[in-house]
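Below is one structure, written out as structure tokens, with a few remarks after it.
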Amino acid sequence: MQSAIDQAVQVRLIATAPGSRPVPATLHYHPADPLAVRMSFPPEISLDGAAVEWTFARELLSEGLRGAAGTGDVRVRPLGDDRTVLELHVADGVAMVQMSSADIRLFLARAYDAVPAGEEQLDVDGGLAELLGGES
């Protein structure tokens, strides 16, 4: 089994006040959860001082490089040829981050090398056992 893929990225948090600012983030992919990507942000950017992590479909991130994608809590769209915008929707509003499309492409290439599209397999029995407090 392939190991997890973590890639540090620099994103630009888009805000109206005091304006946009660069912040570090990390993209995560684990072959044991082959359909998902996680993106984590440091505690200093959240209103409550806690680390923030978003989980969304790997395919959504890929589609968002080519055109607007997503209708739920996470939406992704290109911004020109070299930037991509992620909109993260919560009950209180929307956080928007902008990042390098090249960074996303590199991350996705590594993730698709680990588990090619169409070859994702989920351990449903193991997941249910874990959820129910048993062993797989």
Side chains of T84 and L79: does their closest heavy-atom pair fall under 4.5 Å? no
Rounded distance (nearest 0.5 Å) linking atom CG of L61 with atom CZ of R105: 10.5 Å
Examine distances only and state if a side-chain atom of R110 and a backbone atom of I5 form a donor-acceptor pair shorter than 3.5 Å. no
Taking everything shown except E59 itself, do over 12 heavy atoms lie less than 6.0 Å from its CD? no
Between F41 and L13, is there a side-chain heavy-atom distance shorter than 4.5 Å? no
Under 4.5 Å between any side-chain heavy atoms of V76 and I104, yes or no? no
To check you understand the geometry: which heavy-atom pair defines the closest contact between P42 and P24, and what is its length? CD-O, 3.1 Å
Would a distance-only check, ignoring hydrogens and angles, find a side-chain to backbone donor-acceptor pair under 3.5 Å from E119 to A117? no
Quick one: CZ on R75 to CG on L86, what's the gap to the nearest 0.5 Å? 12.5 Å
Can you find a pair of side-chain heavy atoms, one from P78 and one from S101, that are under 4.5 Å apart? no
Heavy-atom pair of closest approach, residues E63 and A69: CB-CB, 3.8 Å
When you compare the side chain of V37 with that of F107, does any pair of heavy atoms fall below 4.5 Å? yes
Transitively linked via ILVMFWY side-chain contacts under 4.5 Å: L106 with M39? no
How close do A111 and R58 get, heavy atom to heavy atom, and via which atoms? O-NH1, 3.1 Å
Taking atom types as modelled, find out whether H89 and D73 have a side-chain donor-acceptor pair closer than 3.5 angstrom. no
Any idea which heavy atoms bring Y29 and A114 closest together, and the distance? CE2-CB, 4.3 Å
Smallest separation among heavy atoms of D113 and P116, with atom names: O-CD, 4.4 Å
Looking only at heavy atoms, the pair that brings S100 and R83 closest together is N-NH1, 3.3 Å
Under a 3.5 Å distance rule, please check whether E53 uses its side chain to pair with a backbone N or O of R38 as donor and acceptor. no
Please test L88 against V74 for side-chain contact (heavy atoms from CB on, under 4.5 Å), starting from the C-alpha separation and ending with a verdict. CA-CA 5 Å; L88 308 170; V74 179; 4.1 Å; yes
Determine whether M99 and L27 make a side-chain contact, defined as any pair of heavy atoms from C-beta on separated by less than 4.5 Å. yes
